[in-house]
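Below, chains carry the letters A, B, ... as their sequence lines are ordered, and counting in each starts from 1. Hydrogens, waters and symmetry mates are skipped; everything else that's a heavy atom, side chains included, is used.
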Number of protein chains: 2
Amino acid sequence: MRTRDKILKEALKQFNGLGVEKTTTRHIASALGMSQGNLHYHFANKDLLIKELFDNFIQKITEVRKYEYQVLFKKEDVLASMDLSFSVMYKYRFLFRDNETVWRRLSSIKKAMLELLAGRKVEIKQIISHYVKQNIFRPDISDSQQEYLADQFVFNITSWLNASEYLGVTKQKSNYFAKFTFRQWLPYLVSEEMKNWEELLGEK
Amino acid sequence: MRTRDKILKEALKQFNGLGVEKTTTRHIASALGMSQGNLHYHFANKDLLIKELFDNFIQKITEVRKYEYQVLFKKEDVLASMDLSFSVMYKYRFLFRDNETVWRRLSSIKKAMLELLAGRKVEIKQIISHYVKQNIFRPDISDSQQEYLADQFVFNITSWLNASEYLGVTKQKSNYFAKFTFRQWLPYLVSEEMKNWEELLGEK
DNA sequence: GTCTATACAGCGATAGAC
DNA sequence: GTCTATCGCTGTATAGAC
C-alpha cells in the first residue's frame, strides 16, 4: 500500500474514533511509525486529509446509488439500498458526527453534503408517491404528511450515528438503522401490506 | 451579577457557539474583559465549568417535567410540554451537540444523561399506552411498533439539534421540533382524531 | 521519500504581587 | 478577588540533511 493511502486509512480511523479535533498529524504519523515531517510531505495540512476522505465518501455513496437506481421500488430493494448507504456513511461517520467541525474548516463540504441530502429527499418523495399511487400507502395521508415523511427520512439518515449510544445500539449498526428508518413507514401502509412489511423488518 | 455567574453565562454561550473543544478559558476570560488567572480562581479547570452547567441543565429540565406531570395526556399539553423541554435543551445544546466530547471528559454526565432519557422513554410509553386504551391510536398497531415509537421519540429529542442545518430550519427551533416530533404520531391515530391533530400541528 | 530539528502559536493551569 | 507573568505541554507547519 502506498504511503499516501496508509496515511488516509489511519486518518479515517482516528477521525472516526477520536473525532476530528482531537486527531493530530503527530498522532497519525506515530501510529504509522512514520515521522510527522513525512506525513506533511504527502499532505501539506490536515484539511487536505479531510478533503480527500470526503471525496472518497462522495465517490462511494454515488456508486451505491447508481447501482440500484432501477430497482428502487420493491420494498426488499429499498431496504437493501438503505443498508448499503448506511454502511458507507458508517465508514465515513466522522463527516456526520463532526459535521460542524468539518463544515467550519471546509465550507465546500457543507455545500456538497446539503446537496447530496436534497437529492436524497427528492428520491424518497418519488418512492412515497409511487407507493401512494399503487395503493400500498393509505389514501388518507395528506400531502403535507408525505412531505414530512421525506423530511423525517433525511433527519434519520443524518442523525443515526450520534444516536446509537442513546439507544443502546452496539452491533450491526447499518442494518439496524436501515430497518429503524424503514419501519417509520409501517403505519402509513394499508392493512394487508403492513403484515408483509413487518415480517421483512423482523421483530424488534 | 456575580463574577462566577458571568463566567458561567459566557462559557455556555461559547460552548454552544464554538463547541467545547474550541472554547478556551483564555477566550472566555477575554470576552469578559477579565484575566485568565481570575477565571481560574473561580473555576479551577474547564471541566468544572461543564459540570456546573450540566447541573443547571438537569435542574431546569427536571423542573419542567415536574410542572406538567399531571396534565400530560391532553394532546395540547403534550405538545406544550415538548416545546418546553426542547427550549431547555436548546439553551444547553452543547451537551447534545458535543455529547461525545463532554462524555469523554466527564463520564458522570454520560450516566446521568442516559438515565434521563431512559426516564423519558418510560413516560412516552405510558402516554402511548394511554392513547391505545382510549382508542385514539389505531388498534392494529403492534406492541413492538409501540416500543419502536418510543425509541423514535428518544432518537428525535437527542438528535434534533444537529439536524436543523440539514433540514434548513432557522427560527423557532424548539417549537418547530416539538411539532416535528409530535407529528410522527399522526398515522397511528384513528381517522377522526387525525384531523384534529393535524390542525393542532398546523400546516408544515 | 523520509528523516531530524526547529519555529511558532495556542492551550490549561499555577505562582505570587497587589 | 483580580492582576501579570510564566511554566509545560501539544498542536501545525517548515527547513534542510540524507
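Residue contacts shown for B/T24 are limited to sugar-phosphate atoms, with no base heavy atom under 4.0 Å away.
Rounded to an integer number of Å, the gap from CG of B/L49 to C1' of C/dG12 is 12 Å. Rounded to whole Å, atom C1' of C/dG10 lies 12 Å from atom NZ of B/K46. For B/Q36 and C/dG12, the CD to C1' distance is 7 Å, given to the nearest whole Å. C/dG12 atom P lies 13 Å from atom CG of B/L48, rounded to whole Å. Atom NE2 in A/H40 sits about 18 Å away from atom P in C/dA5, given to the nearest Å.
Side-chain atoms of A/S129 and A/K133 form a donor-acceptor pair, as typed in the model, at a separation below 3.5 Å. In the model, A/R120 has no side-chain atom that pairs as donor or acceptor with a side-chain atom of A/T158 under 3.5 Å.
Taking the ring axis of A/Y188 as reference, the NZ or CZ atom of A/R138 does not stay both within 45° of it and closer than 6.0 Å to the ring centre.
Here side chain to side chain donor-acceptor pair (under 3.5 Å) pairs that include residues 3-15 of chain B, with residues two or more places apart or in two chains, are B/R4-B/E52, B/E10-B/Q14.
Heavy-atom nearest nucleotides on DNA chain D were determined for A/Y41 and for A/E21, and the one closer to the 5' end corresponds to A/E21.
Residue B/W160 forms a ring-ring contact (aromatic ring centres under 6.0 Å, His included) with just one option from B/F177, B/F155, B/F180, and that option is B/F177.
Contact of B/R26 with C/dG12 (side chain to base): a donor-acceptor pair of N or O atoms is detected under 3.5 Å.
Applying the side chain to side chain donor-acceptor pair (under 3.5 Å) rule to A/Q36 yields the partners A/T25, A/R26; only residues at least two apart in sequence or on another chain are considered.
On the nucleic acid side, DNA chain D has its first and last nucleotide under 4.0 Å of a heavy atom of chain A at D/dG11 to D/dT14, going 5' to 3'.
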